[in-house]
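The block underneath contains the structure these notes are about, expressed in structure tokens.
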Amino acid sequence: MTHLEKRYRVANGERFRWSDIDPQDTLDFADADATRALRKQNADAMLELQDRLYAQHRWSLLLIFQAVDAGGKNSTIREVVSDLNPQGCHVSSFKVPTDEELDHDFLWRYLRRLPERGMIGIFNRSYYEDVLVPRVHPEVLQKQRLPPKLVGKHLWTQRLQDIRATEDYLTRNGVVIRKFFLYISKREQRKRLLARLDEPSKNWKFSPDDVRERAFFADYMRCHQDAIRKTATNQAPWYIVPADHKWFAQLIVASVVTRTLSQLKLEYPKLDRRALETARKALR
Ligand code: ATP
Ligand code: MG
């Protein structure tokens with residue numbers, strides 16, 4: 001069980017390909033019920049570790065979530081965050097950039113949302129969108145108003161290098177980064193988009209864009225693969241999480257978070273004994 005997460009970790013991306021992972025995979029778990037005990041165990045451990053992370057105030061944890069539309073980012077984040085102390089985490093969801101955001105370099109809006117020491121920051125979409133959407137849709141790149149001289153055929157490789165360097169930089173400053181790609185099959189996406197149409201309580205989630213973007217499914221997967229290949233490192237690994245079964249994706253993400261925190265050897269700060277004694281006396 002301890003190494004559940006290892007199976008899906010990509011720390012050296014060069015040879016990564018989608019066919020390495022089956023989106024329907026659930027290892028030996030038959031259904032959500034079969035994971036309950038493990039989920040509970042993980043949740044208890046995670047809460048305790050988060051308390052130490054906060055008390056120690058040295059490290060921060062950044063969890064990045066990427067997926068195609070309907071990949072299950074929202075529900076996975078909801079489930080994992082519900083096991084945590086809300087005071088110690090914040091979730092940032094990145095949508096189509098605003099005019100103000102477009103007037104800055106592409107990393108600007110994300111770097112402002114980094115977690116402080118002791119905190120867990122969750123990115124629902126991230127700077128990886130900037131090597132996906134504008135790459136698939138050149139008209140989106142136009143909106144970024146880069147000086148034409150800087151837009152060459154190496155733009156995407158350069159951005160990926162910049163992302164990789166930024167992640168190295170953050171790592172060296174105590175931000176622990178874990179990146180999740182929730183991997184669903186094209187068939188499962190169709191099923192989920194249809195459910196958004198069929199079930200009244202899900203109608204609000206439906207956007208005609210989702211159907212338009214579905215036509216670009218293969219392009220997105222190609223760009224994502226390139227991003228994973230060029231940015232998967234030991235210190236900021238990607239996890240390619242089989243996500244056709246939401247309960248399985250949630251189990252893997254929770255396992256990765258717990259394992260990551262447990263590897264930090266988090267300790268409660270030790271207070272000066274004499275100061276404690278003085279305070280005790282004063283209170284008495
Ligand atoms: P849901 O899964 O509930 O639909 P969502 O994350 O897709 O949630 P939406 O408001 O539907 O939220 O979509 C956000 C949109 O913003 C996506 O289509 C995404 O591609 C787009 N987006 C995010 N970041 C960028 C970016 N840097 N450049 C261009 N588009 C972006
Ligand atoms: Mg959407």
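Whatever order the structure lists ligands and atoms in, that order sets their numbers, starting from 1.
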Under a single-linkage rule joining Ile, Leu, Val, Met, Phe, Trp and Tyr whose side-chain heavy atoms are separated by less than 4.5 Å, which residues share a cluster with Val133? Leu132, Val136, Val140, Phe216, Tyr220
Transitive ILVMFWY cluster of Leu271 at side-chain heavy atoms under 4.5 Å: who else is in it? Leu276
Are Leu111 and Trp59 connected, step by step, through hydrophobic side chains (Ile, Leu, Val, Met, Phe, Trp, Tyr) whose heavy atoms are closer than 4.5 Å? yes
Does a donor on one side chain and an acceptor on the other come within less than 3.5 Å for Asp210 and Gln189? no
Given a cutoff of under 4.5 Å between side-chain heavy atoms of I, L, V, M, F, W and Y, with clusters grown through shared members, what are the other residues clustered with Leu197? Leu194, Phe206, Val211
Arg159 to Phe106 six-membered ring, cation-pi geometry met (6.0 Å, 45°): yes
Distances only, to 0.1 Å: what are the N or O pairs between ligand 1 and the protein that fall under 3.5 Å?
residue  : atom   : partner : partner atom : Å
ligand 1 : 2 (O)  : Asn74   : ND2          : 3.4
ligand 1 : 3 (O)  : Asn74   : ND2          : 2.8
ligand 1 : 6 (O)  : Lys73   : NZ           : 3.3
ligand 1 : 6 (O)  : Arg125  : NE           : 2.8
ligand 1 : 6 (O)  : Arg125  : NH2          : 3.4
ligand 1 : 7 (O)  : Arg125  : NH2          : 2.6
ligand 1 : 10 (O) : Lys95   : NZ           : 3.3
ligand 1 : 12 (O) : Lys95   : NZ           : 2.9
ligand 1 : 16 (O) : Val96   : N            : 3.1
ligand 1 : 20 (O) : Glu129  : OE1          : 3.3
ligand 1 : 24 (N) : Lys95   : O            : 3.4
ligand 1 : 24 (N) : Arg109  : NH2          : 3.0
ligand 1 : 27 (N) : Arg109  : NH2          : 3.2
ligand 1 : 27 (N) : Tyr110  : OH           : 3.3
ligand 1 : 27 (N) : Asp130  : OD1          : 3.2
ligand 1 : 27 (N) : Asp130  : OD2          : 3.2

